[in-house]
Each structure stands twice: as structure tokens, then as C-alpha cells.
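What follows is a set of notes on a single structure, which appears directly below.
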Protein chains: 2
Amino acid sequence: MSADTSKVPTPKDTVKVDKALEVFKNFLSAHNFRITDQRLAIFEAAYYHPEHYTAEDLHDSARAIDSSVSRATVYRTLPILVESNLIREVDVGRDYKYYMANRETKTFQAQVICAETDTIYEVDAPFMEWYGKAVAEKLGMEPISQRLQVIARPKKKV
Amino acid sequence: MSADTSKVPTPKDTVKVDKALEVFKNFLSAHNFRITDQRLAIFEAAYYHPEHYTAEDLHDSARAIDSSVSRATVYRTLPILVESNLIREVDVGRDYKYYMANRETKTFQAQVICAETDTIYEVDAPFMEWYGKAVAEKLGMEPISQRLQVIARPKKKV
DNA sequence: TTGGTTGCAAACAATTTGCATCTAA
DNA sequence: TTAGATGCAAATTGTTTGCAACCAA
């Protein structure tokens, strides 16, 4: 998350932080959206939040940075963050949505949801991109996005 | 769907209809649930409904059979139908759920959702069973269920 | 100055639930 | 007879929206 206070941030950290923040600011400007304290607080909370989080989680985290952030503004800012590709939505079929930072997106990822702990794991699933394309192909279509989700339980040790 | 009215139902049709109904009635009895007119109407509407449908769609269809069926009873009966494996839930990430009859389930099916028409297509995806297992395996888990969904658009004709 | 933003509270929409009444077994 | 079912309407819950006050550009 935020820099370890026990030492000065490394140049590398600074560069990374600035890059994402810059992307966000540029995105706002490019769309004639204003750069407000609330949006910056939500960005910081959203981009550096570890693991998956709900809108409510994000509301809490953003308030810790700027207590004036309202729930409505969180909900209004989430689509902007998703659109700018800084975070992504992870819908696992609950009645609320999860989000997570897009810090270092590599290959396609599937979600494995543990039925016992409800934890959501992101797992590399490199073949999916191709396989989803093959499935869509059967209907003469091309994929825009896809998701593979596996509800699973821990294997019993033998 | 229902028998062609231009001819007498074949013995085969009759057997199929009776079988599903019997499964439902047996399921109810086995769980000490009562066999009511409303549940029978909902079963019939749910099991013979073509394609995917929402709870609201089902409510309409069931009312056409028995006008006394309330929305609450539809919602209360859906889990029973899913549990008895006569229908299955198809969650495509909207704010309401879809259902569809489990008439002849063969291999694993993926959903392809057309971004232009919103139509949901069920497509055989025989490898998924194995692939989902492989993905869960990476975490030392075994799959309980899985879903592959592809949002797609029609390919442009060249 | 002014058009985009905000917080608040009310509005929404799908689904669930409390309760008095009904009914299958 | 009686435990389970039903319809109705109210409640729930995550999310959206109208609006007057605000404020970034």
C-alpha cells in the first residue's frame, strides 16, 4: 500500500505512484471531469487497496483519507476508475460487486471462489483467451470480454 | 414444448412429461413439502418455458396457468426447482437472475452473451470441466461448479 | 463566472420476509 | 387436526438519482 514510513520512498516507488495518479488525472482532464479532493482520495484508496473490495469497503478506505467522501461519490467514481482501466470489476454472482486494482495485469485471470471461506483467488488462466474465442466462434461472434469462475472447496488431504 | 395439438401425444411424450412431473412431486414429498396447485403451475411454467427466463417472466407464465400464483410463491419455489435439478440458475452478471429448464443436459455449457441484442446463447464447452479443474488444482482445490461467460459481438462479414 | 461536483436523502428494483389466513395430508 | 403454504404488503439491500449548495477551472 502506501510507502513504508520507516524509510524514504525509493525512486522506483515514486515513479510507479506518480504514473498511476497521472493516468487518472489525464483521464479526468481528457473527459472534462474535474480533479477534486474526493476523486483523488477514492483513486488512492481504490488503486492501493489490497485484494478485492466492495463499494462499501472502498467508501471506508476513502473516508480514512478524506472524511468528506460520500457513498454517492464513491459510486459515481467507480465507473470512471473502471473506464480508465486503473481498476476492474469482478462480478462473482453475489448481490454486490467486487473491484480490484489493475496494478500489473499480465495474462487472463480466472476467479476461484472458495466455498468455505468465500475468499476470491485470481488465478492465471492463459488458455482462456483462446478458448473463449473458440466458443464465440461457434456462433460467428468475437469476444469482447470473458470470465471463468470456479466455485471450489479445499481438497481433503489424503 | 407441449404436445402438438394436431395429433394425439405419443407414448414417448407422455412418458417424458410424467417423468419430470414425477421427479418434482417426489422431490416435494421427500422433503415434506406439500403438493399445491401453485407449485404445480410454477413447475409446468418453469420446466416447459423455452429459453432463458427471469423470475418475473416465470411469474407471468405461471399466472397464465393458475392466476392465483403470487410473486412471493414464485420466488419461494425457484430454489426448490433448482435444488431438484429440474431447472438451473444462469447468472450473467445482471441485477436479476435468469433460469432455464434442465431438459437434456449433456456436456458443460458456456454462455455467450451478445452485446448488441442481449441474447444469451448456451454453447457446448466440453473442455471446461477439465480446465476448471486444472485452475482449481493450482490452489489445491476441487471444483464444485464453474461458469464460463463470453460477452461477444457478431463478427463483421468480410 | 459557470458548468461540473458534492452530500444528503429519497428513489429504485429485485428479492425476501412477517403475518394472518388457508389447506394438504 | 395441524404443520406447512399462500398472498399481500412491508421490509431489505446494493445502487442510483434529484436537488440545492459548492467549487475547480
Side-chain angles (χ1 to χ4, degrees), chain A residues 21 24-46 52-84 87 89-99 118, chain B residues 21 24-46 52-84 87 89-99 118:
Chain A
L21 179 59
F24 184 53
K25 286 183 174 174
N26 287 342
F27 187 90
L28 291 176
S29 302
H31 292 258
N32 283 325
F33 295 153
R34 292 181 180 166
I35 298 172
T36 65
D37 289 347
Q38 291 87 345
R39 281 176 174 159
L40 293 179
I42 294 168
F43 157 77
E44 196 180 320
H52 302 78
Y53 50 89
T54 64
E56 195 58 24
D57 294 335
L58 180 57
H59 184 210
D60 291 341
S61 308
R63 275 174 106 80
I65 299 170
D66 180 336
S67 62
S68 78
V69 174
S70 72
R71 184 176 286 103
T73 298
V74 169
Y75 277 108
R76 284 190 274 234
T77 304
L78 274 167
I80 298 178
L81 287 164
V82 170
E83 199 60 35
S84 66
I87 70 172
E89 201 182 281
V90 178
D91 186 327
V92 293
R94 310 247 175 102
D95 44 8
Y96 45 84
K97 292 187 181 107
Y98 282 99
Y99 300 86
D118 259 16
Chain B
L21 180 57
F24 185 54
K25 286 183 175 175
N26 286 341
F27 187 90
L28 291 177
S29 302
H31 292 255
N32 282 324
F33 296 152
R34 291 180 181 167
I35 298 171
T36 65
D37 289 347
Q38 290 89 344
R39 282 176 174 160
L40 293 179
I42 295 168
F43 156 76
E44 197 179 319
H52 302 79
Y53 50 88
T54 64
E56 196 59 24
D57 294 335
L58 180 56
H59 184 209
D60 291 341
S61 308
R63 275 175 105 81
I65 298 170
D66 179 336
S67 62
S68 78
V69 174
S70 72
R71 184 175 287 104
T73 298
V74 168
Y75 277 107
R76 284 191 272 235
T77 304
L78 275 168
I80 299 178
L81 287 164
V82 171
E83 197 60 35
S84 67
I87 70 173
E89 202 183 278
V90 178
D91 186 327
V92 293
R94 311 247 175 102
D95 44 7
Y96 43 86
K97 291 187 181 108
Y98 282 98
Y99 299 86
D118 260 16

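Chain letters run A, B, ... following the sequence lines, proteins first and then strands; every chain starts at 1. Nothing here was measured: the structure is a model prediction, and the numbers come from that model.
- To the nearest angstrom, P of D/dT16 lies 9 Å from CG of B/Asp95.
- No side-chain donor-acceptor contact under 3.5 Å links A/His59 to the backbone of A/Ala72.
- The separation between B/Phe33 atom CZ and D/dG4 atom P is 10 Å, rounded to whole Å.
- Looking at which nucleotide of DNA chain C each of A/Ser70 and B/Ala55 is closest to, the 5′-most match is held by A/Ser70.
- A close approach under 4.0 Å does occur between a side-chain nitrogen or oxygen of A/Arg39 and OP1 or OP2 of C/dT5.
- Of the candidates D/dT15, C/dA14, D/dA5, the closest approach to any side-chain atom of B/Thr36 belongs to D/dA5.
- Closest to the A/Gln38 side chain, of the nucleotides C/dT5, C/dT6, C/dA25, is C/dT6.
- On a pure distance criterion of 3.5 Å, a polar donor-acceptor pair joins the side chain of B/Arg34 and the base of D/dA3.
- As judged by a 4.0 angstrom heavy-atom cut-off over every strand, A/Tyr75 is placed among the base-contacting residues.
- When atom types are taken as modelled, the side chain of B/Tyr53 and the backbone of B/Ala46 share a donor-acceptor pair closer than 3.5 angstrom.
- Between the CG atom of A/Leu40 and the C1' atom of C/dT6 there is a distance of 14 Å, rounded to whole Å.
- A donor-acceptor contact closer than 3.5 angstrom links the side chains of A/Asp57 and A/Thr54.
- In this structure, CG of A/Asn32 is placed 8 Å from P of C/dT5, rounded to the nearest angstrom.
- The CG-C1' distance, from A/Leu78 to D/dG14, rounds to 12 Å in whole Å.
- Here A/Arg76 lies in heavy-atom contact (under 4.0 Å) with a base.
- For the pair A/Leu40/A/Leu21, a side-chain contact is recorded, criterion being any heavy-atom separation below 4.5 Å from C-beta on.
- When each of C/dA14, C/dT6, C/dA25 is scored by its nearest atom to the side-chain atoms of A/Thr73, the top-ranked nucleotide is C/dT6.
- Rounded to whole Å, atom P of C/dT15 lies 11 Å from atom CG of B/Asp57.
- One can place NE2 of A/His31 at 18 Å from C1' of D/dA25, the figure rounded to the nearest angstrom.
- In this structure, the side chain of B/Thr77 engages the main chain of B/Thr73 through a donor-acceptor pair within 3.5 Å.
- Remark: P of C/dA10 and CZ of A/Arg71 are 14 Å apart, rounded to the nearest angstrom.
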